[in-house]
Protein chains: 2
Amino acid sequence: MKRVTMADVAERAGVSKSTVSQYLNQRYEYMGEETKKKIAEVIDATGYQANTLARSLKQKRTFTIGVIVANILHIFSTQVIRAIEDVCHQQDISVIVCNADDDPKKEEKYITMLRAKQVDGLIVFPTGENKTLYDQMVQERYPLVFVDRLVEGLSVDTFLLDNKAALRLAVDYLVEKQHRYIAIITTSLIRHVTPRVERISGYRIALEQHDLPIHEEYIQGVNVEDISIALAHLLALTPRPTAIIAGNDLTLMEILKSIKRDKKHIPNDFALLGIDDVAYAPLFEPPLTTIAQPAFQIGEAAARCLLEKINSESMNDRRQPGIHRFQPKLVVRASC
Amino acid sequence: MKRVTMADVAERAGVSKSTVSQYLNQRYEYMGEETKKKIAEVIDATGYQANTLARSLKQKRTFTIGVIVANILHIFSTQVIRAIEDVCHQQDISVIVCNADDDPKKEEKYITMLRAKQVDGLIVFPTGENKTLYDQMVQERYPLVFVDRLVEGLSVDTFLLDNKAALRLAVDYLVEKQHRYIAIITTSLIRHVTPRVERISGYRIALEQHDLPIHEEYIQGVNVEDISIALAHLLALTPRPTAIIAGNDLTLMEILKSIKRDKKHIPNDFALLGIDDVAYAPLFEPPLTTIAQPAFQIGEAAARCLLEKINSESMNDRRQPGIHRFQPKLVVRASC
DNA sequence: TAATGCAACTAAATCGGTTTAGTAAGAGGG
DNA sequence: CCCTCTTACTAAACCGATTTAGTTGCATTA
């Protein structure tokens with residue numbers, strides 16, 4: 001049950017491999033009607049399917065890109081992936097998605113593996129810990145785009161939320177709702193990861209702009225498993241925070257679990273504002289007010305940017321790479 | 001900035017391509033220490049990375065599998081994908097995921113495309129509408145595994161939930177809770193799709209076993225957009241159902257939205273039982289009782305089965321393919 | 001009538017690896 | 001001293017496409 005190759009088709013049609021190749025690539029310019037018909041017949045009869053590997057080897061294009069997300073558990077990641085896939089499939093480009101699990105070693109492995117597979121370009125949510133690797137790709141002018149996280153000192157197109165604006169939006173809204181004691185919980189800050197860092201600093205700036213004091217104890221960056229503890233800690237402080245911002249969807253989920261378990265009542269016990277507009281936000285009791293990231297747009301823009309880079313590879317019309325910030329949106333429901 | 005090839009390495013190390021290849025494949029049997037060292041040095045200096053395409057072309061293995069899901073919006077799909085990826089990445093196999101969007105044409109396109117890419121095998125959530133294609137693969141003894149849906153008259157290993165058991169579990173529990181009027185809503189039944197069909201028939205059987213009459217009006221198979229209407233319709237019937245089963249996660253989500261909008265109260269207005277243990281089930285008010293599918297196990301088993309098929313390709317130790325049913329689990333919370 | 005042009009192909013190189021068959025050099029045995 | 005064996009390599013075919021540089025036969029044209 002061997003697969004049919006182009007040589008088989010050529011032989012059965014009584015023409016050369018070259019002619020079959022021309023036919024398949026619609027280069028009909030000087031091709032006889034007879035020949036075309038004959039080849040079409042043979043292809044039909046044999047069910048011939050071209051081997052993309054061979055083509056890619058010769059053409060040095062695989063029509064495949066790689067996506068490496070830092071942590072696929074974030075809703076944001078899955079939404080961005082969806083958008084990337086949509087854009088790519090429209091252009092008959094395949095996508096290989098890998099999850100680095102926030103582990104730089106895994107990230108390195110995947111980058112290497114995908115490049116060995118000769119993918120035409122890479123969209124990476126960088127862990128930030130493989131600068132040498134990133135830099136090497138930049139040097140080689142390999143098509144590369146970052147999402148969600150900035151890597152300092154590297155000239156790579158990066159698509160991410162305007163985190164500062166997101167926290168300004170959040171704090172402004174909470175202040176408007178008469179809150180003076182606003183706390184924030186987010187996942188661990190041990191590594192310098194853009195969204196977390198920027199959201200914290202955005203939080204500080206926004207508070208300052210409202211002339212509110214910054215309680216260092218109000219800023220909790222802890223591991224997912226410890227969020228429940230961090231929340232309890234916050235609620236034991238004096239003055240007790242009247243509003244809590246969940247720095248991302250995972251944090252929000254943990255806080256909600258605690259709330260359920262401890263039978264807290266939102267917004268009576270405290271106001272809650274989540275970053276990432278999770279699907280169940282309108283279903284919670286009370287419906288959750290959130291800051292939505294335009295994940296789809298970010299993914300779409302990143303994909304388009306990468307595909308453009310890939311297609312302009314030969315030409316030297318490369319723009320200077322930059323940082324592309326997307327505006328958050330406040331979705332008012334009832335948790336504040 | 002041309003990529004370094006094996007020939008370049010060979011030249012710089014003063015050996016032949018063959019030797020470099022042997023080195024890379026750890027066939028050190030008859031290799032001098034000097035040579036090894038020299039090659040290692042050159043590889044290090046040049047940052048040489050093998051081109052997988054070329055290798056795959058010769059070896060007729062890409063170390064990549066394809067996964068085609070019928071509809072990625074189902075949580076079940078994403079969980080199965082995660083499990084497949086986990087298993088595959090452990091064995092250094094890449095995964096290309098495609099979403100057929102419940103469209104047979106798309107499914108066909110993806111199957112063709114992935115096979116053209118020479119993926120070593122395919123895990124498919126079949127739409128069921130491409131029997132000729134499926135059959136062709138079976139004939140060719142191409143490594144193929146189905147998930148979630150049976151295709152009649154085809155001998156392919158299929159991994160799915162024991163849907164009948166799931167509905168027995170659901171109905172048993174509701175009856176135990178004194179419900180006599182149990183309705184079920186699920187997404188459209190126009191196409192014969194295993195989970196929906198089997199869940200409905202499981203529902204009928206379970207009711208019969210409890211000597212409960214089957215109200216045809218209690219069975220609603222409608223499009224996602226019409227679920228809200230179907231729910232209203234059910235609640236207007238006499239006798240009014242006291243319990244409603246949501247046939248899958250998408251249905252459940254729509255029902256919950258309606259409940260919120262119409263300010264219904266669960267379980268006072270009616271009991272609600274969802275199939276698929278969605279992440280927010282414990283967070284809803286009241287926490288939702290669900291039937292959980294062992295999605296992770298299903299994905300894992302499917303992946304292992306496929307990899308086994310791939311590895312036993314040459315040998316003729318292929319077992320007879322079969323249907324692998326996985327047992328559901330009732331997760332009792334407070335919505336019934 | 002020889003040269004030119006054009007349509008309709010084909011031969012062979014190429015992509016970058018793997019793999020098979022083979023070779024050269026030195027050791028050991030008779 | 002010749003033969004065989006082993007070690008340490010290499011040449012070349014091969015995988016299945018694309019692509020470039022021809023080639024062939026026939027109709028024009030000077």
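Each chain gets a letter, A, B and so on, in the order its sequence line appears, and its residues count up from 1. Just so you know, these numbers come straight off a predicted model, no measurement behind them.
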Could you state the CZ-P distance from B:F63 to C:dT18, rounded to the nearest angstrom?
-> 10 Å
Starting at atom NZ of A:K37, determine the distance to atom C1' of C:dA8, rounded to an integer number of angstrom.
-> 17 Å
Whole-Å distance, A:Q22 CD to D:dA21 P, equals 14 Å
Flag the pair A:L160 / A:F76 as yes when at least one side-chain heavy-atom distance between them is below 4.5 Å, and no otherwise.
-> no
Can you check the A:I43 CD1 to D:dA17 P distance for me, whole Å?
-> 10 Å
Give the nucleotide from the list C:dC15, D:dT10, D:dG16 with an atom nearest to the side chain of B:S16.
-> D:dT10
Between B:L57 and B:G32, who's closer to the 5' end of DNA chain D by nearest nucleotide?
-> B:G32
With a 4.5 Å limit on heavy-atom distance, are the side chains of B:L122 and B:I65 in contact?
-> no
Picking from B:F159, B:Y134, B:F125, what satisfies ring-ring contact (aromatic ring centres under 6.0 Å, His included) with B:F146?
-> B:Y134
Is there a side-chain polar atom (N or O) of A:Y48 under 4.0 Å from OP1 or OP2 of D:dA17?
-> yes
What nucleotide among D:dT7, D:dT18, D:dC9 has an atom nearest to a side-chain atom of B:Y30?
-> D:dT7
Over how many whole Å does the gap from A:E33 atom CD to C:dC9 atom P extend?
-> 10 Å
May I ask you to say what B:V20 touches in the nucleic acid, namely base, sugar-phosphate or nothing, with a heavy-atom cut-off under 4.0 Å?
-> nothing
Indicate whether OP1 or OP2 belonging to D:dA8 is found under 4.0 Å from a side-chain N or O atom of B:K36.
-> no
Between A:N25 and D:dT18, does any side-chain N or O lie under 4.0 Å from OP1 or OP2?
-> yes
Where each residue is assigned the nucleotide of DNA chain C containing its nearest heavy atom, which of A:K17 and A:M31 is assigned the position nearer the 5′ end?
-> A:M31
Give a yes-or-no answer on whether the side chains of B:S21 and B:S18 include a donor-acceptor pair shorter than 3.5 Å.
-> no
Rounded off to whole Å, could you give me the CG-to-P distance for the B:L24 and C:dT19 pair?
-> 12 Å
Distance-only donor-acceptor test (3.5 Å): side chain A:T5, base D:dA17 = no
The side chain of A:T35 lies closest to which of these nucleotides: C:dT18, C:dC9, D:dT19?
-> C:dC9
Geometric cation-pi criterion A:K36 and A:Y28, 6.0 Å radius, 45° cone = yes
Could you tell me whether the side chain of B:E108 reaches within less than 4.5 Å of the side chain of B:T132, counting heavy atoms only?
-> no
In whole Å, what is the span from the OH atom of B:Y23 to the P atom of D:dC9?
-> 13 Å
OP1 or OP2 of D:dT18 under 4.0 Å from side-chain N/O of A:S21 = yes
Is B:S56 near enough to D:dC15 that one of its side-chain N or O atoms lies under 4.0 angstrom from OP1 or OP2?
-> no
Nearest-nucleotide pick for B:Q59, side chain only, options being C:dT19, C:dA12, C:dC9 | C:dT19
Measure the distance from NZ on A:K38 to P on C:dC9 and round it to the nearest whole Å.
-> 14 Å
Of all the nucleotides listed (D:dA13, D:dC9, D:dG16), which has the minimum atom distance to the side chain of B:T19?
-> D:dC9
